[in-house]
Structure formats: structure tokens, C-alpha cells
Amino acid sequence: MGLLERIAGVWNEYKRDKIGMVGLGLLVLFLFIAVAFPVIGNKEVIENWDNYQYFRFYPKNAPPCWASIISGEKYTRTIIADGKAVEIISDTGVDKQRNLPYVNVTIKVPVDVTGTAPPNDVLLVMDLYYNSSKYPVYVTGLSVVRPDGKVFHFVPPGKKVPINSVLVGLPARKVNATDLVLSFKSLTENQLLVQRFIIPELRKMGIQVSVVDIANIMLTIFDAVFSKDIAAAFKGNATEALGGRYWWVLQLYGYNASINVAPKRLVVMGACYGILGTDNQGRDLWQGVLYGVRWALIVGLLASTLSVLIGSLYGIVSGYFGGIVDEVMMRAAQIIYSLPALPILILLAALYKPTIWLIVFMIVAFGWPGVAIVTRSMALQVRQEPYVESAIALGASTKRILFLYIMPQVLPYMFATIALSVPGAIIAEASLSFLGVGDPSVLTWGRILHEAEAANAALNGYWWWVLPPGLGIALVGLSFVFIGNALDRILNPRLRR
């Protein structure tokens, strides 16, 4: 029977093994994720994984949005979008009272509230330029248009407040700012606005407040404008957010001036994020878990393949030559086999701070003896076969006997052992990374679990930070166990049912 016919026969038998097919399906899925990550994932997020500044706009420790099914709480989604949704309206004219040309720029920011709680903040990243030679640039309106049609004014229309009094930190006449981050929550916590405009606005709504309530208003006003009942929110009563689209409107006005606004990013910071939430730095855990598939497969397949190849060759040579060669080689293999591998790996990793490739090497160094002991016994048995003895008698070279007569008999065992060894290699690397002695420059599932442990994620209930990488390790390992057991049943006649 030729090699292709033999492979086809094994495949036909493998297809009838349902568990084996499940394992193969899982492996194909993981291989697809690993290869297609540049397409289905966000490479930029992975490249900036250790750049905490990159994630400053992401909510911290936010659960995945689908978790509302479990908690029963309807989360407001975090939206991180470019600036295209922001409307910029600019008009110019001549002020009749002062007989001066003016420019009026209106910035309209849409904010979608999808849950029962208000967003934590609304951020607008933009390039802002204004230049006024004599008069300051003014804010002539800051308001929120709610989904129910009501309008709440932080700066009433028609008022002219110097821009440096509202956007604290900016100069009054000239600025050329790039990537300016405008926090609308911070705008509403401006004591000047509370005292001059917000308290009168609340009184017009029938809410009795005074200047002694300024501190409380500053803390409450941002959430209150999103509430179904603003008055109840100020009284401290629990009230849900009014869902729908809000419009935050900011108007800038200047005499004989030029004003340019270029929105670049809009962030509505909600209570949940994405498919797997975020960690304590705001990093998107879905991207981390997706990317971890790649390193799990690389470490698992590389370490198990090298271990089995080295162990098989070692065992075949030992079994073929026999005698003192076999005795010395097996004693050496048994010494390494008897060593407690994981504690030694932890010790070595802690001492030498290895790279991911050195970790693979260490796993291989402790993984081959078990394979060598088994293949040595198989080689001893094959060596006694008549066709091998005939080849030896006819003067066949040692290389020919090892690779053409003994190795093919061991190959089925090697394939099954490679598959069954992958979970052990993945768990060994994950264990080292979890203990903080892995390669810190590589994003693996073990590293994610280590960072979760360091942040007490399990104790704080951040299950979305702990379960996904743990399940990932289990599923990848399970897929190879299914495949290995199926191959073992097919290739090892003694296990056939």
C-alpha cells in the first residue's frame, strides 16, 4: 500500500470518529483566527498594549455589553468613533451694533444613551484654531437637546462668555491646538457656569436651589441632564437615564476673528465595552484573547513537535544499538524524566527572564525523555523483525535501517503523541506567564491571566478578564486531546474497539 493510500485510509477512518472531528473543527477555527488576525482583529491595539496612553479613552474594568443578559442591567454602550458624526456649522456676518464682522461656529455632538445609566463622560478630540486680534473669542451657547425635546442650557443663547472662562486653560484670543481633548463633563463642573447660568436654569424648571448647593450641583448636573426626571435626580432619588440621542451644542463666536474646528474622535464613555470588556487600563480584552490564539498554537505545536522528534530519534537510536549505548542513553533519559519539570522551569525562568523562544526550548528540554523511553521499546521490537535482520545481514547502512525500516513503524505513535503533547506545552507556558516569569514582550493568555491576578480581578468580580483566556487555554488543549485520542485509536491497533 502506498503512502497516499495509507493516508487516505487513515482519513476515512478518522472521519467516522465524531470526537476527533470536533477536535479538528476547533483546531481549524483556531488556525483561522491565528492566521486571519490582521483582518479580523485590530493590530494597532496589540501594538499599543503596553502604551496606557493609547487606551485613555476606553472605560476601565468595563464588562462586555452582552453581560446585561446576566446582570439584568441595561448598560450604556461605549462608543469610540471618528469625528464624522460631529456637525460643524459656520456662518459669518456683520454685527450691526459694533459694525464689526463676526464668525459664529456651532459644534453639534451626538450622544446616544442606550442604557438605564448616563455615560460617564463625553469626550471630543479635535484640532482647534482661533485668532482674534482685539476681542476675546466667546462661548455664546452651551446646551443639551434631550430626546424628549427639552433643552437644558449651561450657557444660555445670546450670552457672551469669554472662551477661557468656559474652556478653562485655553487663552482668550489665540490658540492653535492639535488633538485637544474636550470633556463635556468637566465643562458642566465649572463653578462660574453653575453660579451664573445653571442655578437660574434649574430655578426656571421649578427646582429650588441656591448658591450653597453649588458643590452638590457640580457633582450632580452632568448625570442629571440625562435623567428621565431632572428634579428627582437633584433630590437624590434614583432615576433612570432617558434613552435616545442627545445633542450637545457648543457655540463659539468672535469679532473680526477666524475660528476653525476639526473633530477627530468622539468618545461616549459608557458602562460596557465590546465583546469581552476591558481591563483596569481600558485595554480591549477581545483583541488580547484573539491575539493569544496565535502564541498558544506556536508554543504548543513547536514545543510538542520538537520534543517528539528529538525523543523519537533518541529512543530509536538507543533501541537499535542496544547494549552499553542503550544503557547509557536510557539512564540519561530517565534522570531527566525524573526531574520535577515545572518547578525547575519556574526557577530558570525567574533567574534568566527568558524570551518566548527560550521558554519553548526549556519545555522541549524536559519534554523529550518520555517519548524516548516509549520509542526505544518500539525500536527494540521492530529490530527483531525478520526484514530488519535481513537488511542488516545484507549490509544495509545504519542510517537506512533507522530511517527506512524503524522510523516508519514509529511514525503513527509520533503523530498521536505530538497532538497529545500540545496541551501540556501550552499549559507550561501559560503557567510561567501566570506566575510573572514569562516573556513580558509577548501577549499570551498566561500574561493576561497574570495581569488579572495582579489586579485582583477575580476578587473584584471582573470575570470577563479571567474566564475568556482560561477557556481559551482549555479549548485549544481540548481540541488537540480529541485529535490525539482519535489518531491513537486509529493508528494503535490495540486500542481499536
Side-chain angles (χ1 to χ4, degrees), residues 1-7 9-11 13-14 17 20 300-341 344 361-425 428 480-481 483-497:
M1 180 184 293
L3 180 61
L4 291 177
E5 291 177 339
R6 192 175 179 184
I7 292 173
V10 171
W11 171 242
E13 286 195 51
Y14 188 91
D17 192 310
L301 288 171
L302 187 60
S304 63
T305 302
L306 290 176
S307 298
V308 171
L309 280 177
I310 294 171
S312 298
L313 288 173
Y314 190 94
I316 289 171
V317 170
S318 176
Y320 174 76
F321 285 103
I324 188 64
V325 175
D326 178 42
E327 190 71 21
V328 172
M329 292 181 72
M330 278 300 101
R331 294 295 84 79
Q334 287 167 350
I335 289 172
I336 298 175
Y337 187 67
S338 63
L339 294 175
I344 293 177
F361 171 78
M362 291 192 297
I363 295 173
V364 172
F366 287 96
W368 65 268
V371 181
I373 292 170
V374 175
T375 52
R376 175 252 184 188
S377 62
M378 297 173 72
L380 282 174
Q381 185 178 0
V382 175
R383 190 179 185 281
Q384 305 302 320
E385 295 290 336
Y387 67 93
V388 177
E389 290 185 342
S390 299
I392 295 173
L394 291 172
S397 67
T398 301
K399 184 179 176 182
R400 180 181 180 84
I401 293 171
L402 290 178
F403 289 98
L404 290 185
Y405 296 118
I406 299 179
M407 181 66 85
Q409 303 302 318
V410 180
L411 274 178
Y413 166 77
M414 291 173 61
F415 285 130
T417 306
I418 287 174
L420 291 171
S421 300
V422 170
F480 282 98
V481 169
I483 293 171
N485 284 335
L487 288 175
D488 210 20
R489 280 193 291 272
I490 295 168
L491 300 174
N492 190 344
R494 289 173 298 180
L495 296 180
R496 288 183 179 175
R497 288 172 289 187

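Because the structure is a prediction, the values reported are computed rather than measured.
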Query - More than 12 heavy atoms of other groups within 6.0 Å of Phe415 CZ - result: no
Report summary line: Here the pair of heavy atoms bringing Met330 nearest to Ala372 is CE-O, 4.1 Å
Report task. Could you give me the CA-CA distance, side-chain angles and deciding distance for Ile373 and Tyr314, then say whether side chain to side chain contact (heavy atoms under 4.5 Å, CB included) is met? Result -> CA-CA 9 Å; Ile373 292 170; Tyr314 190 94; over 6 Å; no
Query raised in the report: Looking only at atom types and distance, does a side-chain atom of Asp488 sit under 3.5 Å from a main-chain N or O of Gly484, one as donor and one as acceptor?
Result: no
Query raised in the report: Looking at CG of Leu313 and OG of Ser318, how far apart are the two atoms once the value is rounded to the nearest 0.5 Å?
Result: 12.5 Å
Query raised in the report: Does the side chain of Ile401 come within less than 4.5 Å of Arg383's, by heavy atoms?
Result: no
Query - Asp17 CG to Ile483 CD1 distance, which is reported to the nearest 0.5 Å - result: 10.5 Å
Report summary line: side chain to side chain contact (heavy atoms under 4.5 Å, CB included) filter on Ile310, not counting sequence neighbours, yields Val364, Trp368
Report task. For the residue pair Pro340 and Ile344, establish whether any side-chain heavy-atom pair is separated by less than 4.5 Å. Result -> yes
**Report entry** Flag side-chain contact, heavy atom, 4.5 Å: Leu487 against Tyr14
**Finding:** yes
Report summary line: All heavy atoms of Ser312 vs all of Met414, minimum pair found to be OG-CG, 3.2 Å
Requested in this report: Please report the closest heavy-atom contact between Ile363 and Ala428, naming both atoms and the distance.
Outcome: CD1-CB, 4.0 Å
Report summary line: Taking every heavy atom of Val422 against every heavy atom of Ser304, the minimum-distance pair comes out as CG2-OG, 3.2 Å
Query raised in the report: Do you know the tightest heavy-atom contact between Ala486 and Gly20?
Result: CB-CA, 3.7 Å
Requested in this report: Working to the nearest 0.5 Å, report the span between CD of Gln409 and CD of Gln381.
Outcome: 9.5 Å
Query raised in the report: Which atoms form the tightest heavy-atom contact between Val388 and Tyr405, and what is the distance?
Result: CG2-CB, 4.2 Å
Query raised in the report: Is there a side-chain contact between Leu302 and Phe361 (heavy atoms, below 4.5 Å)?
Result: no
Query - Close side-chain approach of Leu402 to Met407, heavy-atom, < 4.5 Å - result: no
Query raised in the report: Out of curiosity, Asp326 CG to Arg331 CZ, how far, rounded to the nearest 0.5 Å?
Result: 8.0 Å
Query raised in the report: With a 4.5 Å limit on heavy-atom distance, are the side chains of Val371 and Tyr413 in contact?
Result: yes
Query raised in the report: So how far is it from Glu389 CD to Tyr387 OH, rounded to the nearest 0.5 Å?
Result: 11.0 Å
Query raised in the report: Quick check: does any side chain N or O of Ser377 sit under 3.5 Å from a backbone N or O of Val374, one acting as donor and the other as acceptor?
Result: yes
Query raised in the report: Which value, rounded to the nearest 0.5 Å, describes the distance between Leu411 atom CG and Thr417 atom OG1?
Result: 11.0 Å
